[in-house]
Each structure stands twice: as C-alpha cells, then as structure tokens.
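These notes concern the structure reproduced below.
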Amino acid sequence: MKRLRLGILGSGKGSNCRAVLESIRTGTLPADACVVISDVLDAPILEIAREFSVPNAYLPPGQFRTRLEPAVEGELVQILRDAEVELVVLAGFMRVLKAPMLEAFSRRIINIHPSLLPKFPGLEAWNQALEAKEPVTGCTVHYVDDKIDHGDIIAQREVPILPNDTAESLHARIQNAEHELYPAVIAQLCRES
Ligand code: GRF
C-alpha cells in the first residue's frame, strides 16, 4: 500500500474536496493532498484548501469557455509534476481535459459524477434522472478520458429517488453519497498501488 500524492482540481464549492481532506486528516484515507488548483479565482474550493493548509493556486484558464488554453494546460501539467502528484482528483472541475493532461497523467485522473454513468452525463444529472422518472440514481467515480463524463468506471453508489424528491433534496442526498464514495475509492486506489 502506498500513500498516493493527490492533486485536486475544482471550479466550485469544493464539498468533495473537503470530504477528501477530512478523510486524510482523520486517517481513514492514507494519501497526501499536495496541491489544489482552480480555474475560478474566488472558488470556495481554494478557501477550503487554505483552511486545511494545502498549497493552492488559481490558474487563469484563458480564452475558452469549456477547456483550458493549450499553453495553460501545459502549465497545469508542470504544476502537478512539480508537486510530484501521482493521482489527479477532479472535484467539480468544469473544463474538459485534453491531450497535455491526458497524456501526462494517463489513467491517473479520476472524476466523480452525480449519476449512474453511462446514464445522464453532462450538467445537472440529478434533474435528468428526475425528469426521466428513474426509480434510482446515484454517483460514479471513473477514470477520465477525452469525452465528457466518460471513461472506465471504478465504483458507483446508488441513491433511491423518493416520491417527494425535489431537485434540491435529491441533489443533496447524491452529494452525501459522493462524500462517502470519493474518499473510499481513493483509499482503494492507494491499497492497490
Ligand atoms: C459534484 O456533484 C460532482 O459530482 C460534480 O461536480 C460536483 C462538485 O461539487 N462533478 P463540489 O464542488 O465538490 O461540492
């Protein structure tokens, strides 16, 4: 078993990042968080990194909306390499990664998505599940490839959809499941390495 060196990437509120950092702090996740990087200057995820004393950086993403400018993505690779990151953990990172990252960290980038993939990739997956009148949805941790919310599935957790569920109540229960699943999967990857 190896303590994996993690680099966490996110664009938003960072609740999954917090769950990972708390699991490291309590000792249930034998990993080291080396750096947290965001493409959003005032993203709460950066504040969470500071709260846990994890080195953190804002990476100005460049001119595109859904991906990083290639030179910026090259810079990201360098930051992660300088921090000797072994596993890249996407935690609400809203940009599609391309060749620089996918080649530098082949099969070493994971993501969490709020549905039972391959069902409902894309935005607001809990709403998609509600609208499709599914009896159950959940969350998925998967390796990242060049397609959105796609790649080999590592683990899933089911969340039943209740008769009175609203988008908010369902989303909250899926996030609770994510906060258990993501640290557990990273711990499993540590045990396997
Ligand atoms: C999570 O629901 C995750 O499934 C999706 O983005 C969301 C990030 O939430 N990829 P948070 O920033 O970790 O709170």
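Counting starts at 1 for both ligands and their atoms, in listed order. Quantities reported herein were computed from a predicted structural model and do not represent experimental measurements.
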| What do you reckon, does Gly14 put a non-hydrogen atom under 4.0 Å from ligand 1? | yes

| field | Minimum-distance protein heavy atom relative to atom 14 (O) of ligand 1 | value | Ser15 OG, 2.5 Å

| request: Could you list the atoms of ligand 1 found under 4.0 angstrom from a heavy atom of His113? | output: 4 (O)

| request: Using a 4.0 Å heavy-atom threshold (strictly under), name the region of Gln175 that reaches ligand 1: side chain, backbone, both or neither. | output: side chain

| remark: atom 5 (C) of ligand 1 has as its nearest protein heavy atom Ile112 O, 3.6 Å

| field | Asp82 and Gln78: side chain donor to acceptor below 3.5 Å | value | yes

| said: Out of all atoms in ligand 1, which are within 4.0 Å of some heavy atom of Glu178? Include the element for each. | reply: 1 (C), 2 (O), 3 (C), 4 (O)

| query | Do Arg108 and Glu86 meet the salt-bridge criterion of a basic N to acidic O distance under 4.0 Å? | reply | no

| message | Testing the 3.5 Å rule here: is there a donor-acceptor pair between the side chains of Gln128 and Glu131? | response | no

| task | Decide whether a cation-pi geometry holds between Arg67 and Phe64; the criteria are a distance under 6.0 Å from NZ or CZ to the six-membered ring centre and an angle within 45° of the ring axis. | result | yes

| remark: From the list Leu102, Val88, Asp149, Asp152, side chain to side chain contact (heavy atoms under 4.5 Å, CB included) partner of Val144 resolves to Leu102

| Whether Ser169 side chain and Thr166 backbone form a donor-acceptor pair below 3.5 Å | yes

| said: If you take the nearest heavy atom of each of Asn16, Leu90, Leu123, which one is closest to atom 13 (O) of ligand 1? | reply: Asn16

| Nearest-neighbour protein heavy atom for atom 8 (C) of ligand 1, which is reported as residue plus atom name and distance | Gly92 CA, 3.5 Å

